[in-house]
Amino acid sequence: RLGLRSKPSDTDDDRLQRPVITSLVAAEGRGPVAASLRREAHELTVAWLRDGSAIDPDMVSSVLAIGGRDLDAALWARIHEAAKVEVDRKRRKQLLEALGYVEAPALVKRNFEVVLADDFDPRESMTLVWGAMDTRSTRLLAYAFIKENFDRLVARLPEDWSPYLAEITGSFCDATLRAEAEAFFTERVKAAPGGPRRLAQAVESAALCEADVARRQAGVISFLRQY
């Protein structure tokens, strides 16, 4: 009902809930509603490239995040080129955010190549890594990229940024991955400002997720055993 476009009949709650609900349904849903939202977001993303008013201002980030998931190589290239020449920092960030949510593995790899190149300030191009970290289907690709290129990334970024790389640990909900990431990052961020604290918080977040899943699974199993 909400959709991605505002309506004259919108209530304040509609306007507040639209970015949250549509993003959740599009990212996690598997039915026709999710597919419809992703198609609509793709259409709006293309329109927004021509006309910045094509998307409601309070929905730009959400629509581009949804639309970015299904980019093909041609649209990826178009957005990438637009970002390279964009002089407005806010719009350039939005363009990079759209690229960052792409799910096609080959395009995720191209994003990572951009991160290590010099077309953008590294603080801006890291948006492509944060997007991959934030997306369930690309999270392990982001983790592998960070591990393989940790020293290169740290050398390119401000001194206090390395702990942010370790925060991917908190995105996992798996004890094996949590332990592996903790072992990888512990020595690498211990001397960075706030490094040990951020890593500890990420580890705790992952552990809490694991405990929550285990608790819910037990309830589901108990319910199913009744049948």
Side-chain angles (χ1 to χ4, degrees), residues 19-20 23-24 27 60-62 64-65 68 79-80 83-84 86-103 107-213:
V20 177
S23 295
L24 178 63
V60 172
S61 292
S62 297
L64 295 182
I79 295 174
H80 177 236
K84 286 169 61 177
E86 180 58 61
V87 295
D88 181 80
R89 181 179 299 178
K90 180 179 179 180
R91 184 172 171 89
R92 186 169 63 246
K93 181 176 184 291
Q94 291 169 334
L95 289 162
L96 290 171
E97 286 175 345
L99 295 179
Y101 281 96
V102 69
E103 295 187 1
L107 297 180
V108 175
K109 182 179 178 181
R110 290 177 70 177
N111 278 349
F112 294 157
E113 291 170 354
V114 172
V115 173
L116 297 176
D118 297 318
D119 291 330
F120 303 96
D121 183 311
R123 293 169 297 181
E124 292 187 336
S125 61
M126 281 299 295
T127 297
L128 304 176
V129 177
W130 308 144
M133 286 171 55
D134 195 42
T135 305
R136 188 194 306 270
S137 63
T138 58
R139 190 167 296 144
L140 290 179
L141 295 175
Y143 180 44
F145 172 74
I146 290 171
K147 288 195 298 180
E148 182 179 350
N149 297 281
F150 185 85
D151 291 340
R152 291 179 68 184
L153 291 170
V154 169
R156 293 171 57 84
L157 294 167
E159 179 185 3
D160 60 346
W161 276 49
S162 62
Y164 292 108
L165 298 174
E167 288 185 350
I168 193 171
T169 307
S171 301
F172 299 134
C173 197
D174 177 276
T176 301
L177 282 172
R178 169 173 54 85
E180 178 190 313
E182 182 179 13
F184 177 82
F185 288 114
T186 294
E187 290 299 314
R188 289 173 171 83
V189 302
K190 71 176 183 180
R197 177 177 58 84
R198 285 191 177 277
L199 177 57
Q201 290 174 336
V203 169
E204 180 182 14
S205 177
L208 288 172
C209 179
E210 295 158 26
D212 184 56
V213 168

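With sequence neighbours left out, the side chain to side chain contact (heavy atoms under 4.5 Å, CB included) criterion links Ala192 to Ser162, Pro163. With sequence neighbours excluded, the residues that form a side chain to side chain contact (heavy atoms under 4.5 Å, CB included) with Lys84 are His80, Glu81, Asp119, Phe120. For Val213, the side chain to side chain contact (heavy atoms under 4.5 Å, CB included) criterion is met by Cys173, Cys209, Gln217, not counting sequence neighbours. Scored by the side chain to side chain contact (heavy atoms under 4.5 Å, CB included) test, Asp88 finds Glu86, Lys90, Arg91 as partners (sequence neighbours excluded). A search for side chain to side chain donor-acceptor pair (under 3.5 Å) contacts involving Lys93 returns Glu97, not counting sequence neighbours. Qualifying side chain to side chain donor-acceptor pair (under 3.5 Å) partners for Glu148, counting only residues two or more places apart in sequence or in other chains: none. Here Phe145 pairs with Phe112 under the ring pair (Phe, Tyr, Trp, His ring centres under 6.0 Å) rule; sequence neighbours left out. Under the rule for a salt bridge (charged side-chain N to carboxylate O under 4.0 Å, His left out), the partners of Asp121 that lie at least two apart in sequence or sit in another chain are Arg123. Legend: residues meeting salt bridge (charged side-chain N to carboxylate O under 4.0 Å, His left out) with Arg136, ordered by chain and number and at least two apart, are Glu28.
Val129 and Ala142 get closest at one heavy-atom pair: O-CB, 4.4 Å. When all heavy atoms of Ala83 and Leu96 are compared, the closest pair comes out as CB-CD2, 4.3 Å. The heavy-atom pair separating Ile79 from Ala98 by the smallest distance is CD1-CB, 4.4 Å. Considering all non-hydrogen atoms of both residues, Leu128 and Asn111 come closest at CD1-O, 3.5 Å. What you find for Leu64 and Gln94 is that their closest heavy atoms are CD1-O, 3.5 Å. Between Asn149 and Leu116, the shortest heavy-atom contact is OD1-CD1, 3.6 Å.
Listed for the Ser23 side chain is no donor-acceptor partner under 3.5 Å among the backbone atoms of Val20. A donor-acceptor pair is defined here as one N or O able to donate and one able to accept, closer than 3.5 Å; such a pair exists between the side chain of Arg156 and the backbone of Val115. Of the possible polar contacts, none joining the Thr135 side chain to the Ala132 backbone as a donor-acceptor pair under 3.5 Å is found.
Distance check: Leu157 CG to Ser125 OG gives 7.5 Å after rounding to the nearest 0.5 Å. Atom CG of Leu141 is separated from atom CE of Met133 by 13.0 Å, given to the nearest 0.5 angstrom. A distance of 6.5 Å separates OG1 of Thr138 from CD of Glu103, quoted to the nearest 0.5 Å.
The disulfide (SG to SG under 2.5 Å) analysis of residues 142-172, with sequence neighbours excluded, yields no pairs.
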Name the atoms and distances for all side-chain donor-acceptor pairs under 3.5 Å in residues 175-190, with sequence neighbours left out.
from, atom 1, to, atom 2, distance (Å)
Arg178, NE, Glu210, OE1, 3.3
Arg178, NE, Glu210, OE2, 2.7
Arg178, NH2, Glu210, OE1, 2.9
Glu180, OE2, Tyr143, OH, 3.1
Glu180, OE2, Lys147, NZ, 2.8
Thr186, OG1, Glu182, O, 2.5
Glu187, OE1, Lys190, NZ, 2.8
Arg188, NH1, Phe184, O, 2.7

Enumerate, atom names and distances included, each donor-acceptor pair closer than 3.5 Å involving a side-chain atom of residues 194-206, sequence neighbours excluded.
from, atom 1, to, atom 2, distance (Å)
Arg198, NH1, Glu167, OE2, 2.6
Arg198, NH2, Tyr164, OH, 3.3

